[in-house]
Enquirer: 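Have a look at this one before I ask anything.
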Amino acid sequence: MDKKTKNVRNMTHWPIKTPTVFARRMLATPKSFIREILKVTENPEIISFAGGLPNPGLIDVKGLAQAAADVFASDGRTALQYSTIEGYLPLRRFIADRYKKRLGLAISPDEILITNGSQQCLDLIGKVLIDPGDRIIIERPGYLGAIQVFSLYEPVFVPVNLNAGGMDTAAFESAVSGYDTKLFYGIPNSQNPSGITYSVACRKICAEILKGTNTIIVEDDAYGELHFSGKSLPPIKKYLPDQTILTGSFSKIIAPGMRLGWVCAPRQIMDQLIIAKQASDLHSNYLSQRIASRYLEEADLDVHIGKIRAAYHEQAHAMIDAMQDNLPASVSWSQPEGGMFVWVTLPVGCPAVDVFTEALKKQVAVLPGLPFYVDGGGTDTLRLNFSNATPARITEGVERLSKVIQSFNR
Ligand code: PMP
């Protein structure tokens, strides 16, 4: 196999669809494996580590209800009217100010487009930048939602392994050099699915490797505010501002149901994203934007995020402690510094899909890692979510899971 085809996605593990009336792009797009699994785990008796939901107890329902009431009372007719494509200016100003304060990034509100969740950023980026056959470098394992949405634009995925400090930079360099790569898509903070955070050195090296190339960096920062220590690491955009598209989301810090995210892009790319956004949905839910903006005027976001970080830290601790106490030495896992996930590597002879099936019989749901690999592999990995169960349920769930893993290990 030559170098060019070596990393190309092997599609055989994806659900194969019969070519019918559907567009070719749909044949290459996997259906959401997670959605299928979540159907199985809806039973409240089941301790679920399979999903990726934020903790509902940390949504400030009262504060949001007050903000909504204020918006309806003071400006209801405008808030329920059509609005601008770019999004509500005070909300874009809030995002720009927070980048300045938190990360020292100078981003003007004009470089920010409000989207329908940050998932929509990926779709717009795909529409604007990806032609069939374009190369996309993606983390291995990679975010399933990105794999799914980029697949619609028929790229060639080039996966690069992650290690404890982020990208395997040697492998990254060889994936970049000598090729024309359209995008590098990565999640430097609390990556989904692995929970890994890139070190500062790794961020700098990735930027250095891409400097002077035509490759555009898509830096997905859905979890950037969820670092347990509250310490923010410099985004790759800081090192290569003109080459980097940065995406963000209110889903994990306010509420996912509001479907609000944003994309910051250099001017020329932004102009195209705005055209694609207009063609797609005219603008993001304006009422939602107004409520979020009002909420942010009243609430102390730092205090609110502080509560989320403390709770997730405790939940992550409960999971890691229970794993240390119960799992055999042949099992390894990532050490999350933030976010919502732990990544587990199982011992030889312990297939993740079988662990999933057996664990479900014991009322515990886990997510096999397979769908996060664009080239197959990962059959011995699991993603465990800790944000949506109490510490006591987490401990109980890991104890049950451990018995299942040990039963394979005899
Ligand atoms: N990026 C990553 C890495 C995610 O994990 C998610 C949600 N699971 C998203 C983007 C999309 O989130 P949203 O559309 O709610 O902002």
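We count ligands from 1, going down the list as the structure has it; atoms in each ligand are counted the same way. Quick note: numbers below take in every heavy atom, side chains included, and nothing from hydrogens, waters or symmetry partners.
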Enquirer: Please list, in number order, the atoms of ligand 1 under 4.0 Å from a heavy atom of Ser249.
Expert: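 Close to Ser249: 13 (P), 16 (O).
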Enquirer: Which ligand 1 atoms, with their elements, are less than 4.0 angstrom from a heavy-atom of Gly117?
Expert: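 Atoms satisfying the 4.0 Å criterion: 14 (O), 16 (O).
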Enquirer: Can you confirm if the NZ or CZ of Arg383 lies within 45° of the ring axis of Phe372 and under 6.0 Å from the centre of its six-membered ring?
Expert: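 Here Arg383 fails the 6.0 Å and 45° test against Phe372.
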Enquirer: When you measure from the heavy atoms of Tyr223 to every atom of ligand 1, does any distance fall below 4.0 Å?
Expert: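 Checking ligand 1 against Tyr223, which is what was asked, there is a heavy-atom contact under 4.0 Å.
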Enquirer: Once rounded to the nearest 0.5 Å, what's the spacing between atom CG of Leu113 and atom OG of Ser284?
Expert: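 So the CG of Leu113 and the OG of Ser284 are separated by 6.5 Å.
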Enquirer: Output the list of atoms in ligand 1 that are nearer than 4.0 Å to some heavy atom of Ile187, sorted by atom number.
Expert: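 So the atoms of ligand 1 that pass are 3 (C).
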Enquirer: To check your reading of the model: name the closest protein heavy atom to atom 15 (O) of ligand 1, its residue, and the distance in Å.
Expert: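 Result: Ser251 OG, 2.6 Å.
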Enquirer: Does the side chain of Glu298 come under 3.5 Å of the side chain of Gln66 through a donor N or O and an acceptor N or O?
Expert: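 The criterion, which ignores hydrogens and geometry beyond distance, is not satisfied for Gln66 and Glu298.
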Enquirer: Among protein heavy atoms, which lies nearest atom 1 (N) of ligand 1, and at what distance?
Expert: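 The answer is Asp220 OD2, 2.6 Å.
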Enquirer: In Å, rounded to the nearest 0.5 Å, how long is the span from OG of Ser199 to CG of Asn163?
Expert: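 Rounded to the nearest 0.5 Å, the OG-CG separation comes out at 8.5 Å.
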Enquirer: Using a strict cut-off of 4.0 Å, indicate which atoms of ligand 1 neighbour a heavy atom of Arg259.
Expert: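 With Arg259 as reference, the close atoms of ligand 1 come out as 13 (P), 14 (O), 15 (O).
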Enquirer: Can you tell me which residue and heavy atom of the protein come closest to atom 9 (C) of ligand 1, and the distance to 0.1 Å?
Expert: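 Ranking protein heavy atoms by distance from atom 9 (C) of ligand 1, first comes Tyr143 OH, 3.3 Å.
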Enquirer: Check ligand 1 against Ser118 and write out every atom of the ligand that is under 4.0 Å from a heavy-atom position of the residue.
Expert: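 Within the 4.0 Å cut-off of Ser118, ligand 1 contributes 9 (C), 10 (C), 11 (C), 12 (O), 13 (P), 14 (O), 16 (O).
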Enquirer: For Ala222, counting its heavy atoms only, list the atoms of ligand 1 lying under 4.0 Å from any of them.
Expert: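 Going through ligand 1 atom by atom, the ones under 4.0 Å from Ala222 are 1 (N), 2 (C).
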Enquirer: Between Thr244 and Lys238, do the side chains contain an N or O donor and an N or O acceptor separated by less than 3.5 Å?
Expert: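 No, Lys238 and Thr244 have no side-chain donor paired with an acceptor closer than 3.5 Å.
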Enquirer: Does NZ or CZ of Arg203 come closer than 6.0 Å to the centre of the six-membered ring of Tyr239, within 45° of the ring's axis?
Expert: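 Because its charged atom misses either the 6.0 Å distance or the 45° angle limit, Arg203 does not stack over Tyr239.
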Enquirer: Any chance you could measure Arg400, atom CZ, to Asn326, atom CG, to the nearest 0.5 Å?
Expert: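 Going from the CZ atom of Arg400 to the CG atom of Asn326 covers 12.5 Å.
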Enquirer: How are the rings of His313 and Phe228 set to each other: parallel, tilted or perpendicular (split at 30° and 60°)?
Expert: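 Because their plane-to-plane angle is under 30°, the rings of His313 and Phe228 count as parallel.
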Enquirer: Hey, which atoms in ligand 1 end up nearer than 4.0 Å to a heavy atom of Lys252?
Expert: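 Taking each heavy atom of Lys252 in turn, ligand 1 has 6 (C), 7 (C), 8 (N), 12 (O) under 4.0 Å.
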